[in-house]
J.: 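Just passing along the structure, written as structure tokens.
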Amino acid sequence: MPYMLVHHQVSDFAKWKPFFDRDENTRKNSGSKGAQVFQNSEKTTDVMILFEWDTVENAKKFSMSENFKKTVEQAGVIGEPHFHFLKEVQKSKA
């Protein structure tokens, strides 16, 4: 399964999170199969999201969409998000 890891800084996690939640249907319609949200344990404005996607191409298309750019701007993302497009090569039990 393809993955997209997004890493960005937010001005306020409590402000950012509702924007992320409201965008779920848009992501789903773009090929997202779900996501996990992580915060740095020492700096809660440092956010990483690991998305599962149907294809890498759809993940890249979503990451470059005007909707995504508009949403992160309104949500208080600081600077440019960093994207990593990944493929799973092994899953370990421990």
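Computed from heavy atoms alone, side chains included, the values below leave out hydrogens, waters and symmetry copies.
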J.: Considering non-hydrogen atoms only, spot the tightest contact between Ser63 and Phe85 and give its length.
T.: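 In terms of heavy atoms, the two residues are closest at OG-CZ, 3.7 Å.
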
J.: Would a 4.5 Å heavy-atom cut-off, applied to side chains only, mark Thr26 and Phe62 as touching?
T.: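 Heavy-atom side-chain distance check passes, below 4.5 Å.
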
J.: Quick one: sort the Phe51 and Trp53 rings into parallel, tilted or perpendicular, breaks at 30° and 60°.
T.: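 Ring orientation of Phe51 relative to Trp53: tilted.
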
J.: Are Gln74 and Lys70 packed together at the side-chain level, in the sense that at least one heavy-atom pair is separated by less than 4.5 angstrom?
T.: yes

J.: Does NZ in Lys61 sit with more than 12 non-hydrogen atoms of other residues, nucleotides or ligands closer than 6.0 Å?
T.: no

J.: Looking only at non-hydrogen atoms, find the nearest pair between Pro81 and Val6 and report the distance.
T.: CB-CG1, 4.1 Å

J.: Give, for atom CD of Gln9 and atom NE2 of His82, the distance between the pair rounded to the nearest 0.5 Å.
T.: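 Gln9 CD to His82 NE2: 8.0 Å, rounded to 0.5 Å.
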
J.: Can you confirm whether or not the ring centre of Phe13 sits under 6.0 Å from the ring centre of Trp16?
T.: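 When the ring centroids of Phe13 and Trp16 are compared, they turn out to be within the sub-6.0 Å range.
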
J.: Under 6.0 Å from the CD atom of Glu73, do we count more than 12 heavy atoms belonging to anything else shown?
T.: no

J.: Consider only side-chain heavy atoms of I, L, V, M, F, W and Y, link residues closer than 4.5 Å, and tell whether Val56 and Leu50 are in one cluster.
T.: no

J.: Between NE2 of His8 and CD1 of Ile78, what distance do you get to the nearest 0.5 Å?
T.: 10.0 Å

J.: Could you tell me the separation between the CG atom of Asp12 and the NZ atom of Lys17, rounded to the nearest 0.5 Å?
T.: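 Interatomic distance, Asp12 CG to Lys17 NZ, rounded to 0.5 Å: 13.5 Å.
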
J.: Measuring from Met4:CE to Ile49:CD1, what's the distance to the nearest 0.5 Å?
T.: 8.0 Å

J.: Tell me which one of Asp46, Thr44, Val72, Thr45 satisfies side-chain contact (heavy atoms from CB on, under 4.5 Å) with Val10.
T.: Thr45

J.: About how many Å separate OG of Ser30 and CZ of Phe68, when rounded to the nearest 0.5 Å?
T.: 11.0 Å

J.: Is there a donor-acceptor pair closer than 3.5 Å between any side-chain N or O of Asp23 and the backbone N or O of Phe19?
T.: no

J.: Would you say that more than 12 heavy atoms from the other residues, nucleotides or ligands in this model lie under 6.0 Å from the CD of Glu24, or not?
T.: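 Counting other residues, nucleotides and ligands, CD of Glu24 stays at 12 neighbours or fewer.
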
J.: I need the minimum non-hydrogen distance between Ala14 and Pro18, along with the two atoms involved.
T.: O-CD, 3.1 Å

J.: For Phe20, does the six-membered ring have the charged nitrogen or CZ of Arg27 within the cation-pi criterion, i.e. under 6.0 angstrom from the centroid and within 45° of the normal?
T.: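 So Arg27 does make the cation-pi contact.
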
J.: First locate atom CE of Met1, then atom OG1 of Thr55, and finally report the distance between them rounded to the nearest 0.5 Å.
T.: 11.0 Å

